[in-house]
*Asks:* 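Sharing a structure below in structure tokens format, with a few things to ask.
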Amino acid sequence: MKKKESALNVLKGIESPSSVDKNSAKNFLKKRKRNFDVDEIVKGIFEGNISILSSAITLIESNLPKHRVIANQIIEKCLPHSGNSVRIGITGVPGVGKSTFIEALGIYLIGQDHKLAVLAIDPSSEHSGGSILGDKTRMEHLSVEKNAFIRPSPSSGSLGGVARKTRETIILCEAAGFDTIFIETVGVGQSETKVHSMVDFFLLLMLAGAGDELQGIKRGIMEMADTVIINKADGDNLNKAKLAKIEYENALHMFPPSDSTWIPNVLLTSAIKDTGIAEVWNSITDYKKLTKQNSFWQHNRQQQAKYWMHETINESLKSNFYQYANNKNEIGQFETKVLNGQINPFEAAKVLLDNYFKGFGV
Ligand code: GDP
């Protein structure tokens, strides 16, 4: 089946900005099959070379162990040059207007001399073509801006794996000089929790409904939001949006105050008419000012770093175990036994894990 065209896939097709080298990331990997010069790649990243940045991200996304080794070396060298951006999570159900909003805010930021990277986490993309990805070209204005870099979600792996790759990609983008990073996800699964754990500020996009404003979106997501945006506040929808704003403000007041001391707010935007966009950015800069002053900004980043240490351990152990067990063809055998009722699932898991640990002499 022909793959859907989509915004977060745009990058490969739209290599028109002069800053973008014609070499695709894939060619880069092919050409350098034998020889990766980590220093050369890192230098390219520091110089803001988009083609080299893309290739390095491709290495991060690769599941080949030899690529992983190089990727780790690149990340290590980029780490001291990372951390200087504002990381913003953006979520909302499909159709709420995320890509239109990102384009509007992105163009606004580029106009203010910011350098913006737009990343995405969409673990469903491998199977479905991705709920985050529309069947049209998304962010077509932003994607040709030389100070904007749009990268689709890594398209394979577990949510944990995809999230780790995105977090590592943030590091590379920061080292390449991007001062603002958007991380987009669909507010329908678990991915927004992962995004929340890697950003400084979390934006939730909502629509004004017909009296059911608080339905369809989990309470937990509302609680994570630093700003709730009611998008499509235009035309006949404007009055409904104003009412929804009051309802959401009341709902947000019910949540316990955050350690950041920031009081989440509700803003109205029309991504299509380009209204309310500056106010969203003002909220983000106010938040940054407040939390830098009261040290929550740094505290939050430290907590996130701790969380990611554990996540990385969990992910590595898991993938290492499956690699080991798959190499020995054990997983399939035990799956069959469990299906046939020859062994119970807990016993099967125990045997598999014991075999794995024994393999390492544990
Ligand atoms: P996403 O799935 O969340 O990325 O949503 P899109 O950005 O693709 O938008 C879904 C549809 O809503 C598109 O047809 C947009 O043109 C439309 N849309 C997005 N933002 C607005 C807005 O502010 N006002 C109106 N009226 N339509 C909008």
Side-chain angles (χ1 to χ4, degrees), residues 3-11 13-14 88-110 116-125 127-145 148-153 155 166 181-189 191-192 195-196 199 202-210 213 215-218 221-222 224-225 227-245 248 266-281 283:
K3 254 206 152 181
K4 282 180 181 176
E5 199 184 300
S6 72
L8 292 175
N9 280 333
V10 171
L11 201 70
I14 304 188
I88 300 158
I90 299 175
T91 194
V93 294
V96 71
K98 289 181 297 302
S99 56
T100 317
F101 170 80
I102 287 172
E103 173 136 291
L105 181 56
I107 296 285
Y108 173 81
L109 293 176
I110 299 286
L116 170 69
V118 181
L119 313 177
I121 291 190
D122 182 13
S124 65
S125 58
H127 307 293
S128 62
S131 44
I132 207 170
L133 310 170
D135 56 1
K136 59 194 181 305
T137 301
R138 301 162 87 234
M139 304 177 208
E140 53 186 7
H141 299 298
L142 196 57
S143 59
V144 293
E145 287 287 341
F149 174 67
I150 302 174
R151 179 83 185 186
S153 173
S155 61
T166 305
I181 318 259
F182 289 170
I183 303 168
E184 179 191 8
T185 196
V186 181
V188 290
S191 50
E192 56 280 352
V195 171
H196 186 247
V199 298
F202 197 72
L203 282 171
L204 170 62
L205 266 70
M206 305 279 271
L207 293 174
E213 270 77 12
Q215 286 168 33
I217 198 99
K218 282 177 277 151
I221 304 183
M222 274 283 277
M224 290 190 292
T227 289
V228 172
I229 290 172
I230 320 262
N231 192 37
K232 307 197 186 183
D234 47 46
D236 291 346
N237 220 16
L238 184 57
N239 281 335
K240 255 200 301 187
K242 284 181 180 165
L243 287 174
K245 176 172 158 49
Y248 284 122
V266 184
L267 298 173
L268 300 181
T269 60
S270 169
I272 244 171
K273 298 227 181 299
D274 216 5
T275 57
I277 302 300
E279 286 75 5
V280 174
W281 185 244
S283 250

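Order of listing sets the numbers, starting from 1, for every ligand and every atom in it.
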*Asks:* For ligand 1, find out whether one of its N or O atoms is nearer than 3.5 Å to an N or O atom of Phe101.
*Replies:* no

*Asks:* Counting only nitrogen or oxygen atoms and a 3.5 angstrom limit, does Lys98 reach ligand 1?
*Replies:* yes

*Asks:* Verify, without hydrogens or angle tests, whether Asn231 (side chain) and Met206 (backbone) share a donor-acceptor contact under 3.5 angstrom.
*Replies:*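 Answer holds: no.
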
*Asks:* Examine the proximity of ligand 1 to Val96 and report which part, side chain or backbone, both or neither, has a heavy atom under 4.0 Å away.
*Replies:* both

*Asks:* Of all the atoms in ligand 1, which lie at a distance below 4.0 Å from a heavy atom belonging to Pro94?
*Replies:*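 This gives 2 (O) as the contact atoms.
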
*Asks:* Say whether, by atom type as modelled, one donor and one acceptor occur between the side chain of Thr185 and the main chain of Ile121 under 3.5 angstrom.
*Replies:* yes

*Asks:* If you count the atoms of ligand 1 from 1 in the order shown, which ones are under 4.0 Å from a heavy atom of Asp234?
*Replies:* 22 (C), 23 (O), 24 (N), 25 (C), 26 (N)

*Asks:* Side chain, backbone, both or neither: which applies to Asn231 and ligand 1 if a contact is any heavy-atom pair less than 4.0 Å apart?
*Replies:*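 For Asn231, the contact with ligand 1 is made by the side chain alone.
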
*Asks:* Look at atom 21 (C) of ligand 1 and find which of Glu103, Lys232, Lys273 reaches it with the closest heavy atom.
*Replies:*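 Result: the heavy atom closest to atom 21 (C) of ligand 1 is in Lys232.
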
*Asks:* Could you check whether any side-chain heavy atom of Phe149 comes within less than 4.5 Å of a side-chain heavy atom of Val118, counting everything from C-beta outward?
*Replies:* no

*Asks:* When you measure from the side chain of Glu103 to the backbone N and O of Leu142, does any donor-acceptor pair fall under 3.5 Å?
*Replies:*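 Yes.
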
*Asks:* Against ligand 1, does Gly92 come closer than 4.0 Å with any heavy atom?
*Replies:* no

*Asks:* As an exercise, identify every atom of ligand 1 less than 4.0 angstrom from a heavy atom of Val93.
*Replies:*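 Result: 3 (O).
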
*Asks:* Are any side-chain N or O atoms of Glu145 and backbone N or O atoms of Ile110, one a donor and one an acceptor, separated by less than 3.5 Å?
*Replies:*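 Checking the backbone N and O of Ile110 against the side chain of Glu145, no donor-acceptor pair under 3.5 Å is found.
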
*Asks:* Checking the N or O distance criterion of under 3.5 Å, is ligand 1 in contact with Ala233?
*Replies:* no

*Asks:* For Leu205, state whether at least one heavy atom is located under 4.0 Å from any atom of ligand 1.
*Replies:* no

*Asks:* Kindly determine whether Val199 and Ile88 satisfy side-chain contact (heavy atoms from CB on, under 4.5 Å), including the steps that lead there.
*Replies:* CA-CA 5 Å; Val199 298; Ile88 300 158; 5.8 Å; no

*Asks:* Backbone or side chain, does any N or O of Thr100 fall under 3.5 Å from an N or O of ligand 1?
*Replies:*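 Yes.
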
*Asks:* Quick one: do Thr91 and Phe202 satisfy side-chain contact (heavy atoms from CB on, under 4.5 Å)? Show the steps, please.
*Replies:* CA-CA 8 Å; Thr91 194; Phe202 197 72; 3.6 Å; yes

*Asks:* Is the side chain of Lys98 donor-acceptor paired with the backbone N or O of Gly92 at a distance under 3.5 Å, no angle test?
*Replies:* yes

*Asks:* Need the ligand 1 atom indices (1-based, order shown) with element for anything under 4.0 Å from a heavy-atom of Ser99.
*Replies:*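 Those atoms are 4 (O), 6 (P), 7 (O), 8 (O).
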
*Asks:* With side-chain contact (heavy atoms from CB on, under 4.5 Å) as the test, would you mind laying out the steps for Ile277 and Phe101 before giving the verdict?
*Replies:* CA-CA 8 Å; Ile277 302 300; Phe101 170 80; 4.0 Å; yes

